[in-house]
Amino acid sequence: MTRTLARRILLGALLIGIVAEIVIDGQAVGINYPILTALVLAVAWVVRRRGRAPDPLDAWLPVAAVVLAGFVAIRADPFLALLDMAGSAAFTGASMAAFSGLAVTRRSASVVTAFAAWVLEAVLAGTGRALRAGRSAPHDGPRRPPVWLGPVGRGLILAVPLVMIFTVLFASADPIFRRALDELLGFRIDLGDLPGRVLFVLGVAWLAGGLLTVAANGLPAMERASLGAAAHATTLARERALGVTEAIIVLGAVVLVFGLFVGLQLAYLFGGLDTISAAQLTYSDYARRGYFELVAAAGLAGGTLVALDYHVARRPRAYIALTIALVGLTIVVLASAALRLKLYQDAYGWTELRVYVAVSIVAMAVTLAVLATFLATDRVRWVGHAMAAIGLCSLIGLNLVAPAALVAEHNVARLIGPDAVPSNAYADLDMEYLVVLPDDAVPALVAALPFLPATDATRLRANLVFRRDMLAQQPALVSPFAWNLGRERAKAALATLP
């Protein structure tokens, strides 16, 4: 890393830290998150490694990062926002490697996992390397940075602390100036805030600088290590080798257990045989039990198939037949979990957790179908890519349906139209649960008030009025950078309440 490049990275990281302080520190998550994500990607593109063009197949990585970050400003659901931010951060890290000219999408899942580990290492330590490389040294060579870079850099280093200090002083001295800052940027600052804000800027800049070093310099340690990988391919193959007999025994045992379970499901759950005599349970109680366990079993089965295929030395027909059989049986297990979930939902209505489980069941079923195709064609190494794509689509789907809004609308509909609810089901509103749903649910709850029984409507209205007051009083929502579409819709709906 040259001194010029290191200084460009450090300046870009400082810019990101300052912007993060303005748009994020002390504010609710909203449009500030996609702004910061877009800024990180833009700065990374500016400082990217020269002479190595990004792989065109990796163009979807920054797009996915921005799309998931954008949903943070659309949905007012903390858990969904956490998933969106985690996914956006992962795709942003992958984009850094892609900007440096390293092909990501074309790599196998194991290599992408190694990329992720090295990117994480760079996030933690990359800025330190940039600081060392950016120090002035007389032996760096004849190449000199642009004439303007030194003055501009020194000017920013001197100006930024002074601007922050004077802003704090003026805000502390003049309430009108302070109120203007509050309205414009959501700042609530005094002399005691300055150390914390400086530390926040430096902390964000340190992490951002690590990301930028990946875009600008690649992953040198991993790239050097990969040069000798081809010479060790035979040795690695021997280390990975697993006897076909052992693999077939493992698969046969697992298929036997799955087959016994599926046989019972076909007779009792799907076939409708008398479960009272078989398990001392009613049909509905039997159906509503265990869907979390079944989803976990399906996931473990898929992981077993991938692990065996990675280590097995040969793939004879018996092995392929058993793997396809296990995939088919696992899909039936997922169908059992889905049916149990549906009966549970029919009896008690939706919750956010049940929505997430339903989406995970669909995603796992699609993943298993893709896995069966890859197993038959000896392309299991691409299953990680398929899982990433399926996960991205699932997360986008969750954002489009808005779990909190779906739960509120469906459960209110059960109370308003009880004819659609099974006779032995619970049709009353779980008010304690509805009132703690995220802000995405508020418009549906406000719209349902005129149709609810008087007692339920009174309780719900009181809770909604309390939420309206809380939203109006939260300082973290003052800044325009905390804008969130779901939250604004909630405020607009709450404003209609008397």
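Model, not experiment: these values are computed from the prediction.
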Asker: Can you name the one residue among Leu326, Leu329, Thr330 that meets side-chain contact (heavy atoms from CB on, under 4.5 Å) with Val254?
Answerer: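 The passing option is Leu326.
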Asker: Does any part of the side chain of Leu464, heavy atoms only, come nearer than 4.5 Å to the side chain of Leu494, both counted from C-beta?
Answerer: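 Yes; the side chains approach each other to less than 4.5 Å.
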Asker: Answer whether the closest heavy-atom distance between the side chains of Phe91 and Val67 falls below 4.5 Å.
Answerer: no
Asker: For Phe115 and Ala103, work out which heavy atoms get closest and say how close.
Answerer: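 Heavy atoms of Phe115 and Ala103 come nearest at CE2-O, 3.5 Å.
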Asker: Mind checking the CG-CD spacing from Asn463 to Glu432? Nearest 0.5 Å is all I need.
Answerer: 8.5 Å
Asker: Assess the residue pair Tyr433 and Val435 against the criterion (side-chain contact (heavy atoms from CB on, under 4.5 Å)); give the C-alpha distance rounded to whole Å, side-chain angles, the decisive distance to 0.1 Å, and a yes or no.
Answerer: CA-CA 6 Å; Tyr433 175 70; Val435 296; over 6 Å; no
Asker: Taking all atoms of both residues into account, what is the closest heavy-atom pair of Leu212 and Ala13, and its distance?
Answerer: CD1-N, 3.7 Å
Asker: Looking at Lys491, Arg75, Arg467, which one forms a salt bridge (charged side-chain N to carboxylate O under 4.0 Å, His left out) with Asp439?
Answerer: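 Answer after filtering Lys491, Arg75, Arg467: Arg467.
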Asker: Is there side-chain contact between Leu392 and Leu395, with heavy atoms separated by less than 4.5 Å?
Answerer: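 A side-chain contact is absent here, since even the closest heavy-atom pair is not under 4.5 Å.
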Asker: In Å and rounded to the nearest 0.5 Å, what is the CD to CG distance from Glu409 to Leu445?
Answerer: 9.0 Å
Asker: Got a second to check how far Ile31's CD1 is from Leu36's CG, nearest 0.5 Å?
Answerer: 12.5 Å
Asker: Anything under 3.5 Å between a donor and an acceptor, one on a side chain of residues 198-209, the other on a protein residue two or more places apart or in another chain? List them.
Answerer:
| unit_1 | atom_1 | unit_2 | atom_2 | d |
| --- | --- | --- | --- | --- |
| Trp206 | NE1 | Leu124 | O | 2.8 |

Asker: Would you check if Met85 and Tyr33 make a side-chain contact, meaning some heavy-atom pair closer than 4.5 Å?
Answerer: yes
Asker: Carefully, step by step, assess Thr127 and Thr213 under the rule side-chain contact (heavy atoms from CB on, under 4.5 Å).
Answerer: CA-CA 7 Å; Thr127 301; Thr213 60; 5.6 Å; no
Asker: Could you walk me through whether Val47 and Phe99 pass the side-chain contact (heavy atoms from CB on, under 4.5 Å) test, one step at a time?
Answerer: CA-CA 9 Å; Val47 303; Phe99 288 171; over 6 Å; no
Asker: Return the minimal non-hydrogen interatomic distance between Gly93 and Leu211, and the atom names on each side.
Answerer: CA-CD2, 4.3 Å
Asker: Can you tell me how far the CG atom of Leu471 sits from the CG atom of Leu477, to the nearest 0.5 Å?
Answerer: 6.5 Å
Asker: Under the side-chain hydrogen bond (donor to acceptor under 3.5 Å, both in side chains) definition, can you give me all pairs with a residue in residues 86-99, not counting sequence neighbours?
Answerer: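 The answer is none; no pair qualifies.
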Asker: Using the ring pair (Phe, Tyr, Trp, His ring centres under 6.0 Å) criterion, which residues pair with Phe466? Sequence neighbours excluded.
Answerer: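 Checked Phe466 against ring pair (Phe, Tyr, Trp, His ring centres under 6.0 Å); zero matches.
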Asker: As an exercise, state the distance from CD1 of Ile396 to CG of Leu68, rounded to the nearest 0.5 Å.
Answerer: 6.0 Å
Asker: So Leu83 and Tyr356, do their side chains get closer than 4.5 Å, heavy atoms only?
Answerer: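 Contact flag for Tyr356/Leu83 side chains = yes.
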Asker: So, for Trp483 and Arg487, which heavy atoms are closest and what is the spacing to 0.1 Å?
Answerer: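 Trp483 and Arg487 have their closest heavy atoms at C-NH1, 4.4 Å.
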Asker: Kindly compute the distance separating CG (Asp58) from OG1 (Thr105), expressed to the nearest 0.5 Å.
Answerer: 4.0 Å
Asker: Evaluate Val446 against Thr496 for side-chain contact (heavy atoms from CB on, under 4.5 Å), listing each step before the verdict.
Answerer: CA-CA 9 Å; Val446 173; Thr496 63; 3.8 Å; yes
Asker: Tell me the closest heavy-atom pair linking Leu434 and Ala408, and the distance in Å.
Answerer: CD2-CA, 4.4 Å
